Amino acid sequence: MRLVLLGPPGAGKGTQAQRLVTRHGIVQLSTGDMLRAAVAAGTPVGLKAKAVMDAGGLVSDEIVIGIIAERLDAPDAKNGFILDGFPRTVAQAEALDHLLADKGMKLDAVIELVVDQEKLVNRILNRAAEAHAKGEAVRKDDDPVVFKTRLEAYNRDTAVVAPYYKARGQLKQIDGMAPIDQVTAAIDGVLAEAA
Ligand code: AMP
């Protein structure tokens, strides 16, 4: 099973991806997680990405395509994967098509979590408050001001990715504002159809 999860930051992609990992035994490939790990480890990629990420911008296509290309070759991705936070530009979507074609693979589904962006800002405030209450670190880019910049980056560069897949007949849209379990059930429905 090879999936792409689309939707703006805060739409619940990470939460749903984790559930899919548990249920379908496939890996979650989150470029955001990989970049955060690179930043924490102080690698050359991390050093380049940090300022852009902290400001809520998009890391260059070249960097993220490079890390995804490497990650898709790892043995644990052979059984399938969920891409979460990638592709975020049409150039990334095209690069993914080429990478998969070279490996003789194709996507089984592209699922977009459709959300109300105004309500997202409230959701992100809650995420920050919950993390704070649990004593966990609040992501710098979950700060409401930075979050709005991330939404702007989404609307400017990433909103065109769903139509890219729609034009190819691959896009399935799901109401991402529904309760988490309902969203999971809707995703399972799409996957059952794709199987
Ligand atoms: P995320 O956890 O997916 O919200 O990603 C956190 C941050 O990492 C984003 O705001 C971007 O700065 C960067 N990032 C993650 N994935 C990508 C991508 N596919 N293209 C460009 N930048 C990305």
Side-chain angles (χ1 to χ4, degrees), residues 2-21 27-72 74 77 81-100 107 110-115 117 119-128 130-131 136-165 176 183:
R2 298 181 198 100
L3 296 180
V4 169
L5 271 186
L6 296 177
K13 298 186 298 294
T15 303
Q16 295 300 332
Q18 279 166 17
R19 290 182 165 207
L20 289 162
V21 165
V27 287
Q28 174 190 8
L29 303 184
S30 154
T31 39
D33 285 350
M34 293 176 213
L35 289 166
R36 278 184 287 278
V39 169
T43 66
V45 162
L47 292 175
K48 274 195 207 159
K50 186 177 185 318
V52 180
M53 292 174 72
D54 284 351
L58 287 187
V59 174
S60 77
D61 287 335
E62 194 193 347
I63 289 184
V64 286
I65 291 166
I67 54 179
I68 278 291
E70 203 175 296
R71 193 62 187 80
L72 286 179
F81 50 77
I82 308 151
L83 289 169
D84 156 17
F86 180 94
R88 252 176 162 101
T89 63
V90 167
Q92 292 178 20
E94 288 170 349
L96 177 63
D97 280 345
H98 291 132
L99 281 172
L100 293 177
L107 294 171
V110 178
I111 298 176
E112 180 185 17
L113 301 182
V114 179
V115 294
Q117 294 203 3
K119 291 189 182 149
L120 272 190
V121 177
N122 291 332
R123 198 186 254 193
I124 214 72
L125 286 174
N126 288 340
R127 185 151 102 183
E130 272 172 27
E136 293 168 359
V138 176
R139 271 169 52 180
K140 228 183 214 168
D141 58 358
D142 275 353
D143 166 273
V145 174
V146 179
F147 182 75
K148 285 190 183 146
T149 310
R150 291 166 67 201
L151 266 187
E152 280 163 21
Y154 176 85
N155 290 328
R156 190 182 55 238
D157 300 313
T158 311
V160 289
V161 174
Y164 172 89
Y165 287 113
V183 177

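Just so you know, ligand 1 is whichever comes first in the structure, and atom 1 is the first atom listed for that ligand. Since the model is a prediction, treat every value here as computed from it, not as a measurement.
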Throw together a table of side-chain donor-acceptor distances under 3.5 angstrom for residues 58-66, partners on residues two or more places apart or in other chains.
from : atom 1 : to  : atom 2 : distance (Å)
S60  : OG     : I63 : N      : 3.2
D61  : OD1    : T89 : OG1    : 2.9
D61  : OD1    : Q92 : NE2    : 2.9

May I ask you to check whether Y164 and D97 show a side-chain donor-acceptor distance below 3.5 Å? yes

Once salt bridge (Lys or Arg N to Asp or Glu O under 4.0 Å) is applied, do any residues pair with R88, and if so which ones, sequence neighbours excluded? none

Taking only residues two or more places apart in sequence or in another chain, which ones pass side chain to side chain contact (heavy atoms under 4.5 Å, CB included) with A159? Y154

Begin with the C-alpha distance, continue with both residues' side-chain angles, and end with the deciding distance and a verdict on side chain to side chain donor-acceptor pair (under 3.5 Å) for N155 and Q117. CA-CA 10 Å; N155 290 328; Q117 294 203 3; 2.8 Å; yes

Supply the atom-to-atom distance L100 CG to L83 CG, rounded to the nearest 0.5 angstrom. 8.0 Å

Residue by residue, ordered by chain and number, which ones reach under 4.0 Å of ligand 1 with a heavy atom? T31, G32, L35, R36, M53, G57, L58, V59, V64, G85, F86, R88, Q92, R139, D141, R150

